[in-house]
Amino acid sequence: MEVVPFAEEHLDAAAELLTARHEAHRRVFPQLPEADYRAEIAALLEQGATGAFTEGAYVLGKSGPVERWGPNIWVEAAGHAASDPERLRDVWAEAAAGWVEQGLRAHYALVPATDTSLLDAWFRLGFGAQHGHGLLEIPEREWPPGVREATEDDVEELVEIGPFLSRHQTRSPVFSSVAEQTPEEVRADVLDDFTRDDGVNLVYEMEGRIVGDFFVCPIELSNAHNSLARPPGAAFLGFAVTHPDVRGSGAGLALTDASFAWARARGYETMVTDWRETNLLSSRFWPRRGFRTTFLRLHRSIL
Ligand SMILES: CC(C)(COP(=O)(O)OP(=O)(O)OC[C@H]1O[C@@H](n2cnc3c(N)ncnc32)[C@H](O)[C@@H]1OP(=O)(O)O)[C@@H](O)C(=O)NCCC(=O)NCCS
């Protein structure tokens with residue numbers, strides 16, 4: 001078996017592998033997009049992705065923002081496929097030698113959660129599950145008591161509750177390197193939300209105080225859900241937090257139902273969200289609401 005650097009001449013063979021992988025994925029999740037698979041891989045090459053190819057497997061990765069992820073390589077949804085998952089390990093080995101030589105030590109890969117043998121190949125390269133992407137068919141729900149759409153009068157209360165999400169994620173066992181949001185950052189985000197007419201902050205009130213905030217918008221607003229991982233026409237549940245004092249008492253359930261009702265009333269049939277797999281609250285809460293994992297983002301840090 002010869003493993004060589006990925007080049008344009010491999011596009012057709014790689015597209016065939018990706019077509020097989022993604023069409024199998026779409027049999028489980030028909031909401032995932034059909035695509036021009038060759039064009040998806042060609043776009044990665046144009047964006048500077050590098051990698052390796054062998055008959056039956058390829059991998060292509062490129063660097064994401066260093067400020068956010070450190071010196072890194074991302075293998076996006078279209079950046080890998082294998083007819084024999086064992087060969088994925090060979091192409092990654094070849095590509096990673098070059099990446100690590102360049103000092104790129106934080107590695108990420110978006111892998112179909114339904115493809116257990118491909119996942120296993122990645123796990124046996126030292127990768128672990130960092131993040132889940134979830135999707136559901138939006139159920140019919142009555143508008144729940146206690147929830148309403150936020151108005152600009154709520155900005156300061158939203159600024160107060162917003163940082164509880166990033167605070168939670170900086171702690172064990174998530175240990176996110178993304179710092180806790182400052183009130184200024186939250187205020188800028190919230191004010192930006194109010195400039196849109198296609199998204200909404202839904203708030204849950206208890207004794208006159210806002211104790212929960214979910215943001216719902218079109219999937220196009222999400223950078224993380226792109227290319228083969230972006231179900232067309234889906235709603236995106238992009239932010240969710242309840243006050244630590246009220247967790248476990250129904251605020252999150254009410255906000256979820258309101259998110260479903262809001263999205264359905266606007267004609268959406270599918271909703272997408274995502275979570276850190278190490279977030280003990282969200283990684284349990286979303287699947288219990290019916291979200292099924294489409295992709296897992298895997299991570300390996302080479303020290
Ligand atoms: C995820 C999150 C938004 C959920 O909100 P919440 O307010 O805890 O949600 P609820 O209280 O409605 O539901 C939590 C659990 O309590 C249960 N519950 C709700 N009301 C209850 C009650 N009166 N008695 C007993 N259990 C109850 C729910 O059924 C749910 O359990 P289940 O998932 O096993 O069914 C919240 O935990 C949170 O803010 N976490 C930190 C930030 C975060 O992770 N955000 C999401 C990022 S992706």
Side-chain angles (χ1 to χ4, degrees), residues 68 108 110 113 129-136 138-139 141-148 150 154 157-183 185-186 189-190 193 199-207 209-217 219 221-225 229 234-263 270-297 299:
R68 175 89 191 260
Y108 302 88
L110 202 58
Q130 183 186 52
H131 206 88
H133 290 202
L135 170 155
L136 56 59
I138 305 170
R141 287 288 190 272
E142 292 293 312
W143 192 267
V147 182
R148 64 172 173 80
D154 299 317
E157 278 195 87
L158 295 175
V159 168
E160 229 171 273
I161 193 168
F164 280 109
L165 168 55
S166 44
R167 190 173 305 167
H168 176 71
Q169 305 239 85
T170 57
R171 294 180 179 162
S172 183
V174 184
F175 296 118
S176 168
S177 55
V178 180
E180 182 176 325
Q181 278 194 300
T182 64
E185 285 167 339
V186 181
D189 278 356
V190 169
D193 295 345
V200 70
N201 275 289
L202 299 170
V203 294
Y204 186 84
E205 276 183 314
M206 213 181 250
E207 293 161 8
R209 177 173 80 111
I210 290 177
V211 294
D213 173 25
F214 282 21
F215 182 69
V216 188
C217 64
I219 190 70
L221 287 195
S222 161
N223 296 328
H225 301 268
F236 179 50
L237 213 173
F239 182 88
V241 72
T242 58
H243 196 286
D245 293 350
V246 307
R247 287 179 194 157
S249 65
L253 292 183
L255 284 162
T256 306
D257 282 349
S259 301
F260 292 161
W262 185 89
T270 301
M271 184 174 282
V272 165
T273 195
D274 57 88
W275 56 83
R276 287 291 184 117
E277 286 294 343
T278 43
N279 181 336
L280 300 186
L281 298 176
S282 60
S283 65
R284 292 167 180 158
F285 186 80
W286 298 124
R288 284 183 188 154
R289 307 287 76 79
F291 285 93
R292 294 184 299 141
T293 310
T294 50
F295 284 92
L296 281 173
R297 183 171 88 212
H299 175 49

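Counting starts at 1 for both ligands and their atoms, following the listed order. Sequential numbering from 1 along the given sequence is applied to the chain's residues. Note: hydrogens, waters and symmetry copies are ignored here, and every other heavy atom, side chains too, is used.
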Asks: For atom CG of Asn223, is the number of surrounding heavy atoms from other residues, nucleotides or ligands below 6.0 Å larger than 12?
Replies: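 Atom CG in Asn223 is not packed in, count stays at 12 or less.
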
Asks: Could you grab the distance from atom CZ of Phe164 to atom CD of Glu180, nearest 0.5 Å is fine?
Replies: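 Output value for this atom pair is 8.5 Å.
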
Asks: Using distance alone, determine whether Trp275 and ligand 1 share an N or O pair under 3.5 Å.
Replies: no

Asks: What protein heavy atom is closest to atom 23 (N) of ligand 1, reported as residue, atom name and distance in Å?
Replies: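 Scanning the protein heavy atoms, the shortest distance from atom 23 (N) of ligand 1 goes to Ser249 O, 4.0 Å.
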
Asks: Given Leu255, Asn279, Ile161, Thr242, identify the one with the heavy atom nearest to atom 2 (C) of ligand 1.
Replies: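 Ranked by closest heavy atom to atom 2 (C) of ligand 1, first place is Thr242.
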
Asks: Just to confirm my output: which protein heavy-atom neighbour is closest to atom 26 (N) of ligand 1, and how far is it?
Replies: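 For atom 26 (N) of ligand 1, the nearest protein heavy atom comes out as Gly248 O, 3.6 Å.
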
Asks: Residue-level breakdown please: for Arg276 versus ligand 1, do any non-hydrogen atoms fall below 4.0 Å on the side chain, on the backbone, on both, or on neither?
Replies: neither

Asks: Numbering the atoms of ligand 1 from 1, which are under 4.0 Å from a heavy atom of Val241?
Replies: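 So the answer, numbered in order with elements, is 39 (O).
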
Asks: Tell me the protein heavy atom at minimum distance from atom 19 (C) of ligand 1, and give that distance in Å.
Replies: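 So the nearest neighbour among protein heavy atoms is Gly250 N, 3.4 Å.
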
Asks: What is the nearest protein non-hydrogen atom to atom 13 (O) of ligand 1, stated with its residue, atom name and distance?
Replies: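 The answer is Phe285 CE1, 3.5 Å.
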
Asks: To the nearest 0.5 Å, what is the distance between CZ (Phe236) and OG1 (Thr273)?
Replies: 5.5 Å

Asks: Where on Phe164 is there a heavy atom closer than 4.0 Å to ligand 1, on the side chain, on the backbone, on both, or on neither?
Replies: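 Neither part.
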
Asks: Applying a 4.0 Å heavy-atom criterion (strictly less than), which segment of Thr256 is in contact with ligand 1: side chain, backbone, both, or neither?
Replies: neither

Asks: Just wondering, more than 12 heavy atoms not from Arg167 lying within 6.0 Å of its CZ?
Replies: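 Correct, the count exceeds 12.
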
Asks: Does Arg288 make a cation-pi contact with Phe285, if we ask for NZ or CZ under 6.0 Å from the ring centre and within 45° of the axis?
Replies: no

Asks: Would the distance check show the side chain of Glu185 and the main-chain N or O of Thr182 forming a donor-acceptor pair, the cut-off being under 3.5 Å?
Replies: yes

Asks: Mind checking whether Arg247 contacts ligand 1 via backbone (N, CA, C, O), side chain (CB onward), both or neither, at a 4.0 Å heavy-atom cut-off?
Replies: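 Near ligand 1, Arg247 shows its backbone as well as its side chain.
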
Asks: With a heavy-atom distance limit of 4.0 Å, tell me whether Ala254 approaches ligand 1 through its side chain, its backbone, both, or neither.
Replies: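 Under 4.0 Å from ligand 1, Ala254 contributes no heavy atoms.
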
Asks: Using side chain to side chain contact (heavy atoms under 4.5 Å, CB included), reason through Trp275 and Thr293 one step at a time and then give a plain yes or no.
Replies: CA-CA 10 Å; Trp275 56 83; Thr293 310; 3.7 Å; yes

Asks: What atoms of ligand 1 come within less than 4.0 Å of a heavy atom belonging to Trp286?
Replies: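 Matching atoms, with element in brackets: 48 (S).
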
Asks: Nearest protein heavy-atom contact for atom 40 (N) of ligand 1: which residue, which atom, what distance?
Replies: Leu281 CD1, 3.5 Å

Asks: Please determine whether side chain to side chain contact (heavy atoms under 4.5 Å, CB included) holds for the pair Gln181 and Val159, giving the CA-CA distance in whole Å, both sets of side-chain angles, and the decisive distance to 0.1 Å.
Replies: CA-CA 10 Å; Gln181 278 194 300; Val159 168; over 6 Å; no

Asks: Got a donor-acceptor contact below 3.5 angstrom from the Arg247 side chain to the Thr242 backbone?
Replies: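 Yes; at least one donor-acceptor contact below 3.5 Å.
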
Asks: Can you measure from CE (Met271) to CG (Leu237) and round to the nearest 0.5 angstrom?
Replies: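 Those atoms lie 5.0 Å apart.
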
Asks: Hey, looking at atom 45 (N) of ligand 1, which of Ala240, Ser282, Ala251 has the closest heavy atom?
Replies: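 That would be Ala240.
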
Asks: Please name the pair of heavy atoms, one in Gln130 and one in Tyr108, separated by the smallest distance, quoted to 0.1 Å.
Replies: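 Of all heavy-atom pairs spanning Gln130 and Tyr108, the closest is OE1-CE2, 3.5 Å.
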
Asks: Nearest 0.5 Å please: distance from the CG atom of Asp274 over to the CZ atom of Phe295.
Replies: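 Reported to 0.5 Å precision, the distance equals 12.5 Å.
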
Asks: With heavy atoms of Asp274 as the reference, note each atom of ligand 1 found under 4.0 Å away.
Replies: 48 (S)

Asks: Can you find an N/O atom of Leu165 closer than 3.5 Å to an N/O atom of ligand 1?
Replies: no

Asks: Starting at CG of Asn201, measure out to CG of Leu255 and round the result to the nearest 0.5 Å.
Replies: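 Going from CG on Asn201 over to CG on Leu255, the span is 10.5 Å.
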
Asks: Should you measure from each heavy atom of Arg288, which atoms of ligand 1 turn up under 4.0 Å away?
Replies: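 Near Arg288, meaning under 4.0 Å from one of its heavy atoms, ligand 1 has 32 (P), 33 (O), 34 (O).
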
Asks: What protein heavy atom sits nearest atom 30 (C) of ligand 1, and how far away is it?
Replies: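 The closest one turns out to be Arg289 NH1, 4.3 Å.
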
Asks: Could you find the nearest protein heavy atom to atom 28 (C) of ligand 1 and give me its residue, atom name and distance?
Replies: Leu253 CD1, 3.9 Å

Asks: Could you list which atoms of ligand 1 come closer than 4.0 Å to a heavy atom of His168?
Replies: 41 (C), 44 (O)

